[in-house]
Amino acid sequence: MKRLLSVILLFSCLKLSGQERTVEGIVFDRDSKQRISRVYIYNLRKHTGFYNNIKGEFSTKVAAGDTLIAAAEGYRVDTLTVRSQAALLFYLKQTSIHLREVTVTDTARHPRERLKQIKRDYKDIYRRGDPQDLLTIGGGNGAGGAGLGIDALYSLLSKEGKNARYLQEIIERDYREMMINYRYTKSLVKNVTGLPDDKLEDFMQQYRPSYYFILEASDYSLISFIRDCYKQYLKDPSAYRLPPLKSP
């Protein structure tokens, strides 16, 4: 009888653990503690995604053990495992330049290595969103010719595949920003221009090299780019300055 009760209790616990509940959450900037909007929240179990609102808040149905991924342009991807929390809180780290920081974390680790690690950590997302085997050659019964790969076709057309590819796009954009930051550094620009910190930040925001330029440019080409931009900056310090953001 005791064994029967134990089995029933265990079964009930397993059933409850798989039940979904609605939970609310907020996404913060790790350094400023300000709320972040336009963050893409992705559930690894359900392979569904959505954006949080302009207040940085979100609400979603989850089950215990679910893994949620938060991704936003300009921030590192972060994960959170659902337990029994009353609220889910994400604290995202910016990938952009912070002039107040004395040291920059992960500078010794190349962005390509970090991207490889992300692909290993989220391999199921890349598998679901990859339609590269859409066209297959030959058939399983020995017949020749070309055919459509069913798994790849599903990845291409399914909602899960589209959600996975969208998350991949955000990760790829962040990787490109990290590649630029890896070479276009505060110390390099300051050595070339001699600008003080307040003007250095303004200059680097206005004159930021593209990802494709960074991939191809030698150290000499990058320094020449900075010098040419500095000459333009001296002529008109506000030529490419963005207007301040308006409060919502």
Side-chain angles (χ1 to χ4, degrees), residues 6-95 105-106 113-132 150-175 177-178:
S6 298
V7 171
I8 294 173
L9 181 61
L10 176 62
F11 178 78
S12 300
C13 291
L14 290 174
K15 186 176 180 182
L16 287 172
S17 65
Q19 289 181 345
E20 290 190 341
R21 61 188 176 94
T22 300
V23 64
E24 297 180 346
I26 307 174
V27 185
F28 295 96
D29 183 296
R30 183 184 296 179
D31 297 310
S32 69
K33 302 301 184 290
Q34 297 294 315
R35 298 187 180 197
I36 310 171
S37 62
R38 291 293 294 174
V39 178
Y40 191 66
I41 312 295
Y42 186 91
N43 188 312
L44 268 178
R45 176 181 64 87
K46 299 166 69 174
H47 294 285
T48 57
F50 59 92
Y51 278 105
N52 67 343
N53 63 24
I54 60 174
K55 295 181 179 180
E57 302 167 351
F58 64 90
S59 177
T60 182
K61 288 187 176 181
V62 294
D66 280 4
T67 298
L68 301 184
I69 301 173
E73 188 171 358
Y75 289 86
R76 296 177 188 173
V77 176
D78 194 19
T79 60
L80 186 153
T81 301
V82 177
R83 304 298 184 193
S84 58
Q85 305 100 311
L88 303 177
L89 305 178
F90 281 102
Y91 293 90
L92 302 188
K93 179 72 174 178
Q94 288 194 31
T95 58
T105 58
D106 282 342
E113 293 302 317
R114 292 179 57 189
L115 182 62
K116 288 179 182 178
Q117 183 63 49
I118 289 173
K119 288 184 176 181
R120 287 193 293 267
D121 293 342
Y122 306 137
K123 58 185 177 182
D124 191 44
I125 293 172
Y126 282 86
R127 178 182 62 80
R128 288 179 179 272
D130 186 7
Q132 65 179 355
I150 299 300
D151 291 341
L153 186 62
Y154 178 80
S155 295
L156 182 67
L157 300 178
S158 71
K159 186 175 181 179
E160 291 182 1
K162 292 177 181 178
N163 286 333
R165 282 194 299 279
Y166 188 73
L167 182 58
Q168 290 177 42
E169 290 174 6
I170 297 176
I171 293 173
E172 180 66 23
R173 287 200 299 268
D174 288 344
Y175 162 71
E177 292 301 310
M178 285 189 292

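Note that the coordinates shown come from a computational prediction; the quantities given were computed from them, not determined experimentally. Only this structure's heavy atoms are used, side chains among them; waters, hydrogens and symmetry mates stay out.
One finds the CG atom of Asn53 at 8.0 Å from the OG atom of Ser37 (value rounded to the nearest 0.5 Å). One distance of note links OH of Tyr175 with CD of Gln168; it measures 15.0 Å at 0.5 Å rounding. In this structure, the separation between NE2 on His47 and CG on Leu167 is 11.0 Å, given to the nearest 0.5 Å. The distance from atom CG of Asp29 to atom CZ of Arg35, rounded to the nearest 0.5 Å, is 13.5 Å. Remark: Arg21 CZ to Thr60 OG1 distance equals 11.0 Å, nearest 0.5 Å.
Checked by atom type and distance alone, the side chain of Asp174 never pairs as donor or acceptor with a backbone atom of Ile171 at under 3.5 Å. Under the 3.5 Å distance criterion, the side-chain polar atoms of Asn52 are matched with a main-chain donor or acceptor of Val39.
Looking at Gln85 and Val23, their side chains never come closer than 4.5 Å, going by heavy atoms from C-beta outward. Considering only heavy atoms from C-beta on, Ile36 comes within 4.5 Å of Tyr75 through its side chain. Proximity of Leu88 to Phe58: side-chain heavy atoms (C-beta onward) are separated by under 4.5 Å at one or more points. Inter-residue side-chain proximity for Ile26 and Glu57 is flagged as met; some heavy-atom pair is nearer than 4.5 Å.
Annotation: Glu24, atom CD; neighbour count of heavy atoms from other residues, nucleotides and ligands within 6.0 Å does not exceed 12.
Taking 4.0 Å as the cut-off between side-chain N and carboxylate O, Lys61 and Glu20 do not count as a salt-bridged pair.
Across Ile41, Leu80, Val77, a single residue satisfies side-chain contact (heavy atoms from CB on, under 4.5 Å) together with Ile69, and that is Val77.
The shortest heavy-atom contact between Leu92 and Ala72 is CD1-CB, 4.3 Å. Here the closest heavy-atom approach between residue Glu73 and residue Ile170 is recorded as N-CG2, 4.3 Å. Shown here for Thr81 and Gly65, the closest heavy-atom pair between the two residues is CG2-O, 4.2 Å. Between Gly49 and Tyr40, the closest heavy-atom pair is CA-OH, 3.5 Å.
Inspection of the Gln94 and Asp31 side chains reveals no N or O donor paired with an N or O acceptor under 3.5 Å.
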Practice problem: Please assess Phe50 against Asn43 for the test side chain to side chain contact (heavy atoms under 4.5 Å, CB included), listing each intermediate value before the final yes or no. | Solution: CA-CA 9 Å; Phe50 59 92; Asn43 188 312; over 6 Å; no
